[in-house]
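The block underneath contains the structure these notes are about, expressed in structure tokens.
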Amino acid sequence: PALAAGLLACGHSVTSRPPYDDPARIPLPEDLGVFPSLGSVNVTWFAEPEIFAIIDGWNVYRATGEAPADADYQRLNPELFIEKEFVDPTVEDGVRYWYRVTSVTPARVESLPTRAVTVVVDFTPPPPPENVRAQAGESGGFPFVRITWNPVSDPELRHYNLVRNPPDPLLPVVTGLLDPEYIDTRVERGTRYVYRVSAVDDNLNESAPVFGG
């Protein structure tokens with residue numbers, strides 16, 4: 001009792017520990033985000049470089065379902081992860097995934113997890129454009145080709161891509177087209193051009209191409 005009283009009088013506790021031995025005080029990454037892309041799910045976050053003065057890296061955990069419990073989360077990385085973007089290729093179409101991240105100190109003390117972020121994987125492409133047409137014209141003495149197609153009816157449609165054959169060496173693929181038409185001014189008289197149009201959705205799924213020319 002006398003020893004304990006003396007320690008308390010000096011402003012210490014017999015049960016005190018270094019701050020980063022406490023999982024609740026280990027710093028976490030911020031702005032955790034998640035999005036599917038090209039057959040995978042990308043998990044991203046932000047952390048200042050100075051965090052590595054305190055931690056050695058991160059663990060990434062994943063669960064599935066509508067409301068997973070803590071015991072449902074499984075670690076995805078076999079070794080500590082030190083980048084700020086984790087790519088998870090082991091996902092299936094139509095499944096809801098939940099992700100969260102922990103920090104790990106050099107003493108291998110693991111923090112509490114971040115808040116979970118969730119995403120439903122969608123690898124189903126939008127329907128392809130229909131009725132692709134190419135019509136030659138001239139303006140101010142210069143030839144052009146106007147390519148049109150029927151708008152794609154898909155609430156997740158992001159844009160259209162267009163490819164020409166023979167290709168344009170300076171613009172081999174026209175991406176990000178929001179309207180169902182394109183005017184190609186990089187053409188020459190006497191050359192036959194074939195155009196290929198596809199639709200891309202918010203998850204970067206691309207439809208089968210449709211040809212016109």
Side-chain angles (χ1 to χ4, degrees), residues 7 11-126 154-161 173 175-178 198-207:
L7 290 171
H12 298 286
S13 168
V14 293
T15 60
S16 66
R17 298 183 301 173
Y20 300 120
D21 282 356
D22 182 354
R25 301 182 66 180
I26 299 172
L28 289 169
E30 301 175 351
D31 299 329
L32 198 66
V34 61
F35 59 94
S37 176
L38 303 177
S40 301
V41 168
N42 294 4
V43 187
T44 62
W45 57 86
F46 173 79
E48 297 287 355
E50 291 78 8
I51 196 173
F52 287 105
I54 300 169
I55 71 168
D56 270 3
W58 295 289
N59 284 329
V60 181
Y61 291 85
R62 185 188 76 184
T64 60
E66 290 304 317
D70 288 344
D72 296 329
Y73 283 86
Q74 302 294 320
R75 193 174 76 181
L76 298 180
N77 52 303
E79 299 180 356
L80 284 182
F81 196 72
I82 60 173
E83 304 297 331
K84 297 178 184 177
E85 180 174 4
F86 183 88
V87 178
D88 179 12
T90 61
V91 293
E92 298 180 2
D93 193 17
V95 177
R96 178 177 293 278
Y97 292 94
W98 301 75
Y99 295 88
R100 60 191 194 183
V101 177
T102 63
S103 300
V104 182
T105 71
R108 293 303 179 262
V109 179
E110 188 170 19
S111 72
L112 299 180
T114 61
R115 64 175 181 85
V117 291
T118 184
V119 64
V120 177
V121 172
D122 175 14
F123 298 142
T124 302
D154 188 323
E156 296 184 345
L157 179 71
R158 172 173 287 194
H159 62 253
Y160 303 97
N161 290 341
V173 180
T175 64
L177 295 173
L178 301 180
S198 58
V200 181
D201 68 14
D202 288 336
N203 294 311
L204 303 184
N205 300 309
E206 188 169 11
S207 75

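Keep in mind that this is a model prediction, so the values were computed, not measured.
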Just wondering, do Asn42 and Val34 contact through their side chains at under 4.5 Å, heavy atoms? no
Can you measure from OG1 (Thr175) to OH (Tyr160) and round to the nearest 0.5 angstrom? 14.5 Å
Got more than 12 heavy atoms from elsewhere within 6.0 Å of CD1, Ile82? no
Can you find a pair of side-chain heavy atoms, one from Glu156 and one from Asp122, that are under 4.5 Å apart? yes
Without swapping roles, check the side chain of Tyr73 against the backbone of Trp98 for a donor-acceptor pair under 3.5 Å. no
According to the salt bridge (Lys or Arg N to Asp or Glu O under 4.0 Å) rule, which pairs have a member within residues 70-86, sequence neighbours left out? Asp70-Arg100
Gap between atom CZ of Phe35 and atom CG of Asp202 - 0.5 Å precision: 13.0 Å
Do Val41 and Arg62 have side chains that get closer than 4.5 Å, going by heavy atoms? no
Between Thr64 and Gln74, is there a side-chain heavy-atom distance shorter than 4.5 Å? no
Would a distance-only check, ignoring hydrogens and angles, find a side-chain to backbone donor-acceptor pair under 3.5 Å from Ser103 to Ser111? no
Working to the nearest 0.5 Å, report the span between OG1 of Thr124 and CG of Asp93. 4.0 Å
How many angstroms lie between OG1 in Thr44 and CG in Leu32, if you round to the nearest 0.5 Å? 7.0 Å
Compare all side-chain heavy atoms of Val101 with those of Phe86 and state whether any distance is below 4.5 angstrom. no
Heavy atoms, side chains only, cut-off 4.5 Å: are Arg158 and Leu204 in contact? yes
Taken to the nearest 0.5 Å, the spacing of Asp56 CG from Arg108 CZ works out to 5.0 Å
Do the side chains of Asp88 and Tyr99 get nearer than 4.5 Å, heavy atoms only? yes
For Asn203, does its backbone N or O pair with a side-chain atom of Asp201 as donor and acceptor, under 3.5 Å? yes
Donor-acceptor pair, side chain of Asn77 and main chain of Trp58, under 3.5 angstrom: yes
In Å and rounded to the nearest 0.5 Å, what is the NE2 to CD distance from His159 to Glu206? 7.0 Å
Can you confirm whether Trp45 sits close enough to Leu28 that some side-chain heavy atom of one is under 4.5 Å from a side-chain heavy atom of the other? no
Could you check Tyr20 against Val109 for side-chain contact (heavy atoms from CB on, under 4.5 Å), going step by step and ending with a plain yes or no? CA-CA 8 Å; Tyr20 300 120; Val109 179; over 6 Å; no
